[in-house]
Amino acid sequence: MKLVGYADRLSVRAGEDVTFHLSSEHGEVRPEIVRLRRPGSPRHQSRLAEETVAADLPDLLTGRPQATTSGSYVAAAVGRSLDELGLALWFQPTLPGDDHRPLAALGDVVLEVSGSGLRLRRGSHVIVELTVAVEERVWAFVSATVDRIGTARLALHRPGREIRAATVQTGPVHLDAPVLLLGSDGKRAGGLGRTFNGKVARPVVAATAWPESTTVALAAGADPLRLLSAATSVLDLGADPAGAWVPDLGELTSGAEVRHLPGRGVPGPFWTGAEADFRNAPAEFDALHLHEDDLADAGWEPDLTWTVPASLPTGVYALKVAAGDDIDRIPFVVTPAEHRAPVLVVLPTWTYLAYANWRTYAEYEEVRVGIYGERREPDQRDRWLAGHPEFGRSLYDVHTDGSGVFHSTWRRPIVNLRPDYFTPSTRGFRHFAQDLQLLAWLDDRGEDYAVVTDDEVEREGAALLGRYRVVLTGSHPEYCSAGMLDSYLAYTRTGGRLMYLGGNGFYQITARHPGHPDSVEIRRGHAGVATWVSDPGEEHLSATGERGGLWRMRGRAPNVLAGVGFTAQGHDRASGYRRSEASTDPAVSWVFDGVKAGAGEPFGDEGPGLGGAAGDELDRADRTLGTPPEAVVLASSEGHSEKIVLVPEEIDHGYAPPPSGVHPKVRADIVLFGREGGGAVFSVGSIAWSTAMTHNGGDNDTSRVTANVLDRFRDSAGPILGPGA
């Protein structure tokens, strides 16, 4: 891609500023603001619709390439000059290789490690080295000292193993107020960082060289401040895992910045296993897991800041930049300056973040042929992304060392967050582009609505939702916080009407990262659909301390809020629904006004992409998981293939063999229920639903059902249906 960019935020209130960062191989770039009305591209066989917005932008911007260097590390300023030094830390390599990677640096004095040993160098000159095999995922303690006369000593301590050490005579070392780095030597030239892949813990830096007896004591866990003088740095890496700063218990620095979101709240070398929650044993969870492909901020210089007019209608917009045949559209949501509309659409931006720059389509293309039963060519942006790991990974990826990705940030180019992006798993639209289809459907109806994102719901909660008569979700609101769940529940319990127009929603425990509020964090735990699982002692989110994984495993299954919860997934084709007998009751039959299908008859078995309204990921009702007793199952999907499989938490346990053929739990249920005070919930149980709504220009039963519910939810002042109806 010769032209790509990102915004400093995904949502901005009308009247506020949004800033854009661009990288271009073209010398000049033409900018304009557009409102995105409908997704599409030639490959989708549908036209992308956008409207130019008067924005008073310059005719041309000067283009220049901008580089990103990924890789997490720690940085602190040393407040004095050094004529001798001591440096030590615990480390656990997770990707030892032939090249040396920096464990720590003081100015140009670097302690580094490879699969074949350790060395201390100054600049390009190696001072002292140890040739000893370094073991993957095994904790070890290393100490390096240089005294005033130039005696340098390097020692490696491994529990239960002999001490390996080397001593040489070198010249004196003078460092003038150097920068202290952990996991980096300060070289950042674009691309993957040349940083350490692994865990570091308990770093000690002193303005003096110490004897071997001190090294032995430090390796045994002794307090460095009792062994060494005041001119010592003891960075407390276990302090405030939610932050981006760690204090120094000594006096050599004023503390350190933790950069690019390494794993925190993870066990260190003295973890006993008695506690799994870092809050209960902070001294045992004092490690950072550094990765060469961690990224919190691409760090590009800004190119354009636009003040959104206070009168601009709420909706989804983009900075469209063009140069020659190259075009990029950088999306952002304009939230309302005043809340006047009766209908609110909440775009599931935390799910967009979870999938941001997901690399599997290009990296595992052949594997996916078996999943789909056919070849589906990835979007060309996926192929480009596979060659640019420095732009960070999705929460479905693993790092280069094989460990799971905890964090995802807005502050980088996200190439699959585009209105013309083609998703192979659905043969077309998914996530952001699919949710634009919902907005286009509302526009075609002339609906008066506002748009916000997960961020606004997280910040403003039920007070925001309560300003609207009806709240619509996007197609896949999978990632959410406890506060978001609380807000939706409070909204529906105080008269609000919620239309959950998707599948696999309200599923994964997620939190905004306080130290990097543009980022979210998860821990996969050991349940659910996952491409990685949490390592021992790493199930608790550093952002909040709460245990991660599925809300279902904490007694908050999606069924409690939405009446349905994730049950199955697959991407070969979608299906339709069959109406239930209960759907003919006059209390709920209005949902099917204008729909020819009667009880026991199918509908919704047509649509673009996967070919039906029930597909991609499916949710079903289950009272044992919290579906309210008064919830009416209006319809259930059928006709799924054996490629649509149960999610792991739904698989039956025990001695009884599973039923033959498609499991009865493989289905999507449409449910409707009321709450006291006039609140109500309507859920469709399928990600594919809103895509099917666009079939035949919106003239279809999936669309009619949605419109009937929206009209009733918006216009009815009384209860939607009575308890037990």
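Sequential numbering from 1 along the given sequence is applied to the chain's residues.
Taking the six-membered ring where the residue is Trp, the centroids of Phe391 and Trp384 are separated by under 6.0 Å.
A side-chain hydrogen bond (donor to acceptor under 3.5 Å, both in side chains) check over residues 187-208, counting only residues at least two apart or in different chains, returns the pairs Asp185-Arg194, Arg188-His260, Asn197-Glu292, Lys199-Glu538, Arg202-Asp286.
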Item to complete: Begin from the C-alpha positions of Trp532 and Ser403 and carry the test side-chain hydrogen bond (donor to acceptor under 3.5 Å, both in side chains) through to its verdict.
Response: CA-CA 8 Å; Trp532 55 271; Ser403 61; over 6 Å; no

Worksheet entry | Worked verdict on His516 versus Thr409 for side-chain hydrogen bond (donor to acceptor under 3.5 Å, both in side chains) | CA-CA 8 Å; His516 295 274; Thr409 177; over 6 Å; no

Item to complete: Run the numbers on Asp303 and Phe20 for side-chain contact (heavy atoms from CB on, under 4.5 Å), then give the verdict.
Response: CA-CA 6 Å; Asp303 291 88; Phe20 301 93; 5.7 Å; no

Item to complete: Could you give me the CA-CA distance, side-chain angles and deciding distance for His399 and Asp294, then say whether side-chain contact (heavy atoms from CB on, under 4.5 Å) is met?
Response: CA-CA 8 Å; His399 292 288; Asp294 281 329; 3.0 Å; yes

Item to complete: Determine, stepwise, if the pair Thr349 / Trp410 fulfils side-chain contact (heavy atoms from CB on, under 4.5 Å).
Response: CA-CA 10 Å; Thr349 46; Trp410 286 126; 3.7 Å; yes

Item to complete: Could you go through the side-chain contact (heavy atoms from CB on, under 4.5 Å) check for Thr94 and His291 one step at a time?
Response: CA-CA 9 Å; Thr94 53; His291 307 90; 5.6 Å; no

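Both the sub-6.0 Å distance and the 45° axial angle are satisfied by Arg523 relative to the ring of Phe406. Figure legend: cation-pi geometry between Arg524 and Tyr396, with NZ or CZ positioned under 6.0 Å from the six-membered ring centre and within 45° of its axis.
Asp248 and Val234 make their closest contact through OD1-N, 2.7 Å (heavy atoms, listed as atom of the first residue, atom of the second, distance). In terms of heavy-atom proximity, Pro58 sits nearest to Leu61 at CG-CD2, 3.6 Å.
Although no hydrogens or angles enter the test, the distance criterion places no donor-acceptor pair under 3.5 Å between the side chain of His26 and the main chain of Glu28.
Classified by interplanar angle (parallel below 30°, tilted 30° to 60°, perpendicular above 60°), the ring pair His21/Tyr6 is parallel. In this structure, Trp358 and Tyr355 have perpendicular ring planes: the angle between them is above 60°, well past the 30° mark.
Checked for salt-bridge contact, Asp518 and Arg411 meet the test: a charged N lies under 4.0 Å from a carboxylate O. Checked for salt-bridge contact, Asp240 and Arg264 miss the test: no charged N lies under 4.0 Å from a carboxylate O.
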Could you list the donor-acceptor pairs under 3.5 angstrom formed between side-chain atoms of residues 75-82 and any protein atom two or more places apart in sequence or on another chain?
residue, atom, partner, partner atom, Å
Ser81, OG, Asp176, OD1, 2.8

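Applying the salt bridge (Lys or Arg N to Asp or Glu O under 4.0 Å) test to Arg153 and every residue at least two apart in sequence or in another chain returns Glu212.
The number of heavy-atom neighbours closer than 6.0 Å to CD of Glu136, taken from other residues, nucleotides and ligands shown, is above 12. The environment of CG in Asp98 is sparse: at most 12 heavy-atom neighbours from other residues, nucleotides or ligands sit within 6.0 Å.
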